[in-house]
Amino acid sequence: MAILLQLIDRVVTSKLELDKDILTVGRDRVNDLVIDDIAVSGLHAQLEREEDSYYDNHFRYFLHDMGSTNGSFVNGEKIRRQELKHNDTLRIGWNEFKFIGDDNEQHEATAHILNS
């Protein structure tokens, strides 16, 4: 199962298992991941899990910005919706996270060959 690590000064401070199809991220208390930061919108982003069409019981993960004021970033680039890869760095407000993928990255090369 993929996880999201919260980093402060490159030190892991918390871990969130991505065990739902949609995890909401934002400042409002109703979100799955609540970030108490004025730079984070009430509903800032969603972490989305989709079943991989090539491999049973494997998933693809996406960060989807929900029209936030300050944007969502993957590896320093502002995104609207971006597929996440193992070791990607996410920034939401002033908060940094590291995406740790499940074993999908082992199948990525084969999946690309099948798509050709």
Side-chain angles (χ1 to χ4, degrees):
M1 175 180 310
I3 58 173
L4 195 63
L5 303 174
Q6 185 169 17
L7 306 172
I8 296 178
D9 295 328
R10 297 185 178 171
V11 175
V12 176
T13 60
S14 62
K15 176 175 89 168
L16 176 67
E17 291 184 353
L18 304 180
D19 59 355
K20 293 172 53 177
D21 289 339
I22 294 178
L23 284 153
T24 58
V25 180
R27 197 172 62 239
D28 288 345
R29 297 277 175 220
V30 298
N31 290 293
D32 298 303
L33 175 57
V34 177
I35 302 175
D36 188 19
D37 177 348
I38 197 159
V40 175
S41 296
L43 172 58
H44 194 99
Q46 290 184 164
L47 288 158
E48 301 169 350
R49 178 179 74 173
E50 296 179 2
E51 194 162 346
D52 190 316
S53 60
Y54 292 104
Y55 301 102
D56 292 336
N57 301 318
H58 290 94
F59 298 95
R60 297 170 60 201
Y61 297 86
F62 298 84
L63 179 63
H64 185 175
D65 186 85
M66 301 303 291
S68 67
T69 303
N70 294 311
S72 299
F73 297 80
V74 175
N75 300 324
E77 298 291 323
K78 189 173 185 177
I79 59 95
R80 183 130 177 101
R81 185 173 191 261
Q82 174 72 41
E83 184 170 5
L84 300 175
K85 301 293 182 197
H86 180 70
N87 276 334
D88 277 350
T89 300
L90 287 61
R91 186 168 57 82
I92 298 172
W94 296 108
N95 302 271
E96 185 177 354
F97 300 88
K98 172 124 352 219
F99 174 76
I100 305 299
D102 54 19
D103 61 352
N104 282 337
E105 61 272 11
Q106 297 170 358
H107 302 294
E108 185 174 288
T110 306
H112 287 288
I113 292 168
L114 292 173
N115 282 331
S116 298

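Just the heavy atoms: all of them, side chains too, but no hydrogens, waters or symmetry mates, feed the values below. The shown structure was predicted, so the numbers you read here are calculated from the model rather than taken from an experiment.
Within the model, atoms CG of Leu43 and CE of Met66 stand 5.0 Å from one another, a figure rounded to the nearest 0.5 Å. Summarising the geometry, atom NE2 belonging to His58 is positioned 16.0 Å from atom CD belonging to Glu50; distances are rounded to the nearest 0.5 Å. In this structure, Ile38 CD1 and Trp94 CH2 are separated by 12.0 Å, a value rounded to the nearest 0.5 Å. To the nearest 0.5 Å, atoms CG (Leu63) and CZ (Arg91) are separated by 11.5 Å. Rounded to the nearest 0.5 Å, atoms NZ (Lys78) and CZ (Phe73) are 5.5 Å apart.
Among all heavy-atom pairs drawn from Asp32 and Leu23, the shortest one is OD2-CA, 3.2 Å.
By the 4.5 Å heavy-atom criterion applied to side chains, Lys85 and Phe99 are not counted as neighbours. Asn31 is not listed as a side-chain neighbour of Val25, based on a closest heavy-atom distance of 4.5 Å or more. Arg49 is not listed as a side-chain neighbour of Leu18, based on a closest heavy-atom distance of 4.5 Å or more. Residues Glu96 and Thr89 meet the side-chain proximity criterion, which asks for heavy atoms closer than 4.5 Å. You'll find the side chain of Asp21 stays beyond 4.5 Å of the side chain of Glu48, heavy atoms only. Contact of the His86 side chain with the Ile100 side chain is registered, since non-hydrogen atoms from C-beta on lie closer than 4.5 Å. When side chains are defined from C-beta on, Leu4 counts as touching Leu47, because their heavy atoms get closer than 4.5 Å.
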Give the C-alpha distance, both sets of side-chain angles, the deciding distance and a yes or no for salt bridge (Lys or Arg N to Asp or Glu O under 4.0 Å) between Arg27 and Asp37. CA-CA 7 Å; Arg27 197 172 62 239; Asp37 177 348; over 6 Å; no
side-chain contact (heavy atoms from CB on, under 4.5 Å) between Met1 and Asp102, intermediate numbers included: CA-CA 5 Å; Met1 175 180 310; Asp102 54 19; 5.6 Å; no
Working note: Asn75 + Leu90, criterion side-chain contact (heavy atoms from CB on, under 4.5 Å); need CA distance, chi angles, decisive distance, verdict. CA-CA 6 Å; Asn75 300 324; Leu90 287 61; over 6 Å; no
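Every residue was checked against the salt bridge (Lys or Arg N to Asp or Glu O under 4.0 Å) condition with Arg80, not counting sequence neighbours, and none meets it. Applying the salt bridge (Lys or Arg N to Asp or Glu O under 4.0 Å) rule to Asp28 yields no partners; only residues at least two apart in sequence or on another chain are considered.
Among the candidates Asp88, Leu33, Val12, Leu7, the single residue satisfying the side chain to side chain contact (heavy atoms under 4.5 Å, CB included) test with Phe97 is Leu33.
Criterion: ILVMFWY side-chain heavy atoms under 4.5 Å apart, direct or through other members. Under it, Leu16 and Ile35 are part of a common hydrophobic cluster. The hydrophobic clustering, which links ILVMFWY residues whose side-chain heavy atoms are closer than 4.5 Å, places Tyr61 and Ile79 together.
Under a 3.5 Å cut-off, the side chain of Asp52 and the backbone N or O of Arg60 do not form any donor-acceptor pair. The main-chain N or O of Ala45 is never found under 3.5 Å from a side-chain atom of Asp65 such that the two would form a donor-acceptor pair. Between the side chain of His44 and the backbone N or O of Thr69 there is no donor-acceptor pair closer than 3.5 Å.
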